[in-house]
There are 2 protein chains.
Amino acid sequence: MPQPPAPRKATGRPPRISREEVIGTARRIVDADGVDRLTMRRLASEIGSTPMALYHHVRNKEELLVLLLDDYATRTLRRPELPDRPRERIVVAAAAIHEALATCPWIVEVLTADDLMSESALWFVEQIVDGLVACGLSPERAVHGYRAIWYYTAGEIVIRTTAARRRAEDDRTTYRERVFADLDPDELPRLAQVADHWAPLTAEDTYLEGLRALVDGLVATR
Amino acid sequence: MPQPPAPRKATGRPPRISREEVIGTARRIVDADGVDRLTMRRLASEIGSTPMALYHHVRNKEELLVLLLDDYATRTLRRPELPDRPRERIVVAAAAIHEALATCPWIVEVLTADDLMSESALWFVEQIVDGLVACGLSPERAVHGYRAIWYYTAGEIVIRTTAARRRAEDDRTTYRERVFADLDPDELPRLAQVADHWAPLTAEDTYLEGLRALVDGLVATR
DNA sequence: GTAAGTTTTTGTACATGTAAGAAAACTAGC
DNA sequence: GCTAGTTTTCTTACATGTACAAAAACTTAC
């Protein structure tokens with residue numbers, strides 16, 4: 001793996017491709033044909049190299065996807081105007097991250113891989129932690145609060161995106177539908193009550209409401 | 001795919017293996033050697049069949065894993081004593097699901113695949129939805145509240161498990177550590193302030209605190 | 001020049017999930 | 001028995017990520 005801090009040793013066989021070229025070409029493929037079409041072989045051939053050569057610039061395909069997500073975040077995350085009230089500041093910052101990620105449908109494969117820790121995302125993290133501190137949390141509790149918000153946000157995106165993808169590529173009856181079809185109203189009255197509306201209800205986008213509830217709960221002095 | 005409701009047509013070539021046998025053998029492999037060692041070829045050979053024969057009993061490997069998780073949930077989920085206060089009931093029910101899933105380290109691959117919708121898990125869902133209604137939410141809002149709790153719970157498990165796995169199999173410096181090493185304290189004062197403790201802070205298990213905050217926020221009349 | 005050392009590239013090979021279709025093993029109708 | 005139909009199993013084949021080792025293309029020391 002190359003060491004950018006070193007001032008270019010100029011020893012060894014000179015590289016024909018660079019990490020940037022790899023990422024850039026991968027981005028083009030993903031933008032054009034979707035993440036499913038991004039294979040190491042195709043990437044290599046489009047870049048004019050061989051599959052294994054790529055592995056000197058990225059550790060493996062997963063890291064490549066993380067780098068792609070980073071690249072995407074750097075290019076599209078714009079810092080919004082933040083309201084004055086700290087509680088609203090938290091909500092707006094988290095919602096901005098959520099929106100950016102939710103419109104990038106292929107992240108699912110990567111989202112769980114690591115925290116969202118690109119340079120450009122840190123500012124949002126800072127705003128959230130700072131907002132929590134402004135609400136009276138200790139720095140430690142603020143970090144925990146940020147983590148909770150991140151769990152909720154990432155979980156929402158991953159689950160909703162996966163569900164949507166599954167619906168798209170598989171129109172057979174899902175297990176869920178079968179289970180909900182014959183609920184015992186005596187044992188599970190509430191679920192039986194909402195069984196008919198379960199699908200539309202869970203399809204609704206309630207990220208913001210949930211986020212608000214979570215933030216409210218986090219900043220409430222208990 | 002076989003139709004269990006039909007009373008056994010007894011036509012066509014008689015099956016030599018059953019879905020139950022497939023799941024049972026898969027479970028043994030996973031219990032013995034971990035989910036990584038579960039391959040369709042090995043499963044087939046241990047069952048005394050061929051890989052492609054399995055595909056008449058499970059749709060694909062992902063469905064097999066979902067069925068495995070279902071099986072696991074059915075065997076291990078025990079209904080806890082629930083407190084009277086609805087708010088606490090929600091917390092206890094959600095925490096029970098969380099605990100069962102968190103001790104089953106291989107679920108990550110499946111968790112995002114679908115809701116946790118095995119028969120045995122529905123009772124917990126019922127308790128959560130019912131608890132939310134008892135706190136004054138409409139049935140619709142209660143379902144949304146349950147979804148928020150599920151997003152948070154699944155996100156926590158997926159992210160923490162993936163992070164732990166990554167730490168285990170890769171001791172090289174992570175991207176996160178590098179980013180946190182040189183934070184600009186002027187631009188990101190809060191993060192710089194906690195940078196040293198970030199790793200231990202995020203390693204702490206704060207699921208319950210986050211859950212409590214979320215539930216508090218959900219039931220608070222606003 | 002040559003030799004040694006370093007880094008990148010390439011070629012080969014393997015494990016894996018699974019698509020496609022042929023074959024096998026049965027039943028029902030004749 | 002024979003044929004047609006149905007369901008399950010088996011064979012073959014392919015795409016993919018990537019391990020491993022050899023080769024290539026450099027620099028530096030002599």
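As the structure is a computational prediction, the values presented were derived from the model and not from experiment. Reckoned from all heavy atoms, side chains included, excluding hydrogens, waters and symmetry mates. Protein chains get the first letters and strands the later ones, always in sequence-line order, with residue 1 at the start of each.
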Please state whether the phosphate of C/dA28, meaning OP1 or OP2, lies under 4.0 angstrom from any side-chain nitrogen or oxygen of B/Thr11. no
Presence of A/Thr50 side-chain N/O under 4.0 Å of C/dG11 phosphate oxygens OP1/OP2: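 For A/Thr50, the contact criterion (side-chain N or O under 4.0 Å from OP1 or OP2 of C/dG11) is not met.
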Send over the distance from [X] [atom1] to [N] [atom2], rounded to a whole Å.
X	N	atom1	atom2	result
A/Ile47	C/dT8	CD1	P	14 Å
B/Met40	C/dT18	CE	P	6 Å
A/Glu63	D/dT18	CD	P	11 Å
B/His57	D/dT7	NE2	P	13 Å
A/Arg59	D/dG17	CZ	C1'	16 Å
B/His56	C/dA20	NE2	P	14 Å
A/Ile17	C/dT7	CD1	C1'	13 Å
B/Arg13	C/dC26	CZ	C1'	9 Å

Looking only at C/dT18, D/dT9, C/dT10, the nucleotide nearest the A/Arg16 side chain is C/dT10
Taking the side chain of A/Pro14 as heavy atoms from C-beta outward, which of D/dG17, C/dT12, D/dA25 is closest to it?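 Closest nucleotide to the A/Pro14 side chain: D/dA25.
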Using a heavy-atom cut-off of 4.0 Å across all strands, would you classify B/Leu38 as base, sugar-phosphate, or nothing?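 Answer is sugar-phosphate: B/Leu38 comes under 4.0 Å of backbone atoms only.
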B/His98 (side chain) donor-acceptor with B/Tyr207 (main chain) under 3.5 angstrom: no
Given that A/Arg41 and A/Leu54 both sit by DNA chain C, which one's nearest nucleotide is further toward the 5' end?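 Its nearest nucleotide being more 5', the pick is A/Leu54.
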For A/Gly12 and for A/Ser18, locate the closest nucleotide of DNA chain C by heavy-atom distance; then report the residue assigned to the nucleotide nearer the 5' terminus. A/Gly12
So CE of A/Met40 and CG of A/Asn60: to nearest 0.5 Å the spacing works out to 7.5 Å
Identify which one of B/Arg27, B/Arg19, B/Arg28 satisfies the salt bridge (charged side-chain N to carboxylate O under 4.0 Å, His left out) criterion when paired with B/Asp71.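 Answer after filtering B/Arg27, B/Arg19, B/Arg28: B/Arg27.
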B/Glu46, CD atom: more than 12 neighbouring heavy atoms under 6.0 Å: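 Count over threshold, so yes.
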Return yes when atom CD of B/Glu140 has more than 12 non-hydrogen atoms of other residues, nucleotides or ligands closer than 6.0 Å, and no otherwise.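 Atom CD in B/Glu140 is crowded, with more than 12 foreign heavy atoms closer than 6.0 Å.
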When you match A/Arg37 and A/Met52 each to their closest nucleotide on DNA chain D, which lands nearer the 5' end?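 That would be A/Arg37.
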